[in-house]
Number of protein chains: 2
Amino acid sequence: MRITSSIEYATRLMIALGREHGKAPVSAERLAESNSVPTDYVSQILVKLRRAGIVKSRRGSAGGYALSRPPAEVTLGQVVRAVDRGVLEDVCGKYDAGAKNCHHQEACAISPVWSRLGAVITEYLESVTVAALLQGDH
Amino acid sequence: MRITSSIEYATRLMIALGREHGKAPVSAERLAESNSVPTDYVSQILVKLRRAGIVKSRRGSAGGYALSRPPAEVTLGQVVRAVDRGVLEDVCGKYDAGAKNCHHQEACAISPVWSRLGAVITEYLESVTVAALLQGDH
DNA sequence: TCATTCTTGACTGAAAATGTCATGTATGCT
DNA sequence: AGCATACATGACATTTTCAGTCAAGAATGA
């Protein structure tokens with residue numbers, strides 16, 4: 001349970017793009033350089049953000065990336081989900097193969113706890129917007 | 001960011017040991033069988049729980065493991081910390097090698113967010129005790 | 001002494017994280 | 001049209017972590 005490099009990188013990129021919101025798109029190369037993200041790694045992260053609908057891209061000269069929504073409408077939760085796996089990911093399913101929610105016990109005591117933990121994490125991440133990060137509100 | 005098998009296993013073991021609190025110690029083998037934890041893996045998890053002071057062990061025949069505190073005084077946070085790495089783990093330090101808290105920027109906007117996320121997670125995990133899991137309070 | 005059980009560390013295989021690279025495709029400019 | 005720019009995609013390599021196995025040793029009780 002930790003913050004991966006991808007999450008860190010994605011967050012930096014979002015802040016950088018947030019600063020340029022409304023202006024011309026920024027190339028992947030410039031984003032990589034100015035945010036200390038490995039040059040050839042930045043594309044992979046950006047494509048995930050694009051597939052999640054958070055950023056949009058334009059090819060060709062004068063192309064690059066830009067936010068598809070205003071910074072105030074982009075949350076950290078959206079960013080994290082775009083580049084990272086979930087918190088839960090079938091933990092309880094491993095308890096007994098084929099079982100849903102540990103049904104081999106009358107009542108699984110654990111499953112609801114991980115669900116609530118996931119909810120707690122999501123709730124916090126959704127409460128932080130890129131706009132807030134730009135303004136230092138936190 | 002996910003719940004690992006070790007965390008799941010450790011939690012199951014704590015519940016099992018919580019049920020036996022006050023009675024005779026339970027052997028690793030029995031714990032493994034009755035909780036669907038791989039037999040040879042259970043020792044590694046138990047030793048971490050012991051080093052964290054959560055369980056105590058006794059060797060020899062009629063030996064085994066037992067909680068070192070009542071279930072109500074053991075939190076999920078203690079268990080998770082015993083078997084897993086932290087949430088943060090120097091993420092921001094990677095931003096610029098040698099820099100503390102992204103000091104190459106006047107004010108790092110990201111670092112405080114991960115700190116608060118860690119606090120939110122810890123707060124929830126600390127609020128859940130083994131006793132609560134035994135009673136189904138959650 | 002002997003069976004039981006924990007202790008420790010080494011070892012292995014699989015999966016995930018982290019990058020790198022090469023090839024292809026779209027766009028704008030001249 | 002032709003060219004440089006820049007994204008798109010997938011393959012590949014490396015490192016780290018996770019998950020699990022195994023074996024030799026030490027302590028304990030009968």
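Every chain is numbered from 1 and lettered A, B, ... according to where its sequence line falls, protein lines coming before strand lines.
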Mapping B:Ser43 and A:Thr39 to their closest nucleotides on DNA chain C, which lands nearer the 5' end? B:Ser43

What is the per-nucleotide protein-contact pattern of nucleotides 22-30 of chain D, from the 5' end, where B denotes a base atom under 4.0 Å from a protein heavy atom, S denotes such proximity for sugar-phosphate atoms only, and - denotes neither? ---BBBBS-

Report the distance from atom CD of B:Glu33 to atom C1' of C:dT5, rounded to the nearest whole Å. 14 Å

Indicate whether OP1 or OP2 belonging to C:dT4 is found under 4.0 Å from a side-chain N or O atom of B:Ser27. no

d(CD1, A:Ile45; P, D:dT9) in whole Å: 16 Å

Just to confirm, is there a sub-4.0 Å distance from OP1 or OP2 of D:dA6 to any side-chain nitrogen or oxygen of A:Arg30? no

Answer yes if A:Val83 and A:Val47 sit in the same cluster of Ile, Leu, Val, Met, Phe, Trp and Tyr residues linked by side chain heavy atoms under 4.5 Å apart, and no otherwise. no

Between C1' of C:dT7 and NZ of B:Lys48, the distance in whole Å: 15 Å

Compare side-chain N and O positions of A:Ser57 against OP1 and OP2 of D:dA8 and report whether any pair is under 4.0 Å apart. yes

In whole angstroms, how far is the P atom of D:dA8 from the CG atom of A:Leu31? 12 Å

Which of D:dA8, C:dT5, D:dG20 is nearest the side chain of A:Tyr65? It is D:dA8

Pairwise ring pair (Phe, Tyr, Trp, His ring centres under 6.0 Å) hits with a residue in residues 18-47 of chain B, at least two apart: B:Tyr9-B:Tyr41

With a 3.5 Å distance limit and no angle check, can you tell me whether B:Arg58 reaches the backbone of B:Ala62 through a side-chain donor-acceptor pair? yes

Looking at B:Thr129 and B:Val74, would you say the former's side chain and the latter's main chain have a donor-acceptor pair under 3.5 Å? no

For A:Leu17 and D:dC7, what is the distance between atoms CG and C1' respectively, to the nearest whole Å? 14 Å

Please state how far atom CD1 in B:Ile7 lies from atom P in D:dA19, giving the value in whole angstrom units. 9 Å

Starting from P on C:dC6, measure out to CZ on B:Arg50 and report it in whole angstrom. 11 Å

Would B:Val37 end up clustered with B:Ile15 when hydrophobic side chains under 4.5 Å apart are linked, directly or stepwise? yes

Spacing of A:Leu46 atom CG relative to D:dT9 atom C1', expressed in whole Å: 14 Å

Hphob cluster co-occupancy, B:Tyr124 + B:Leu76, side-chain heavy atoms under 4.5 angstrom: yes

For the side chain of A:Tyr41, counting heavy atoms from C-beta on, which of C:dG19, D:dA8, D:dA19 is nearest? C:dG19

Let's see if you can work this out: which of D:dA19, C:dT18, D:dA6 has an atom nearest to the side-chain heavy atoms of A:Arg2? C:dT18

Main chain of B:Ala16, side chain of B:Arg12: is a donor-acceptor contact present, judged purely on distance under 3.5 Å? no

Tell me which of A:Gly63 and B:Pro38 sits closer to the 5' end of DNA chain D, going by the nucleotide each one is nearest to. A:Gly63

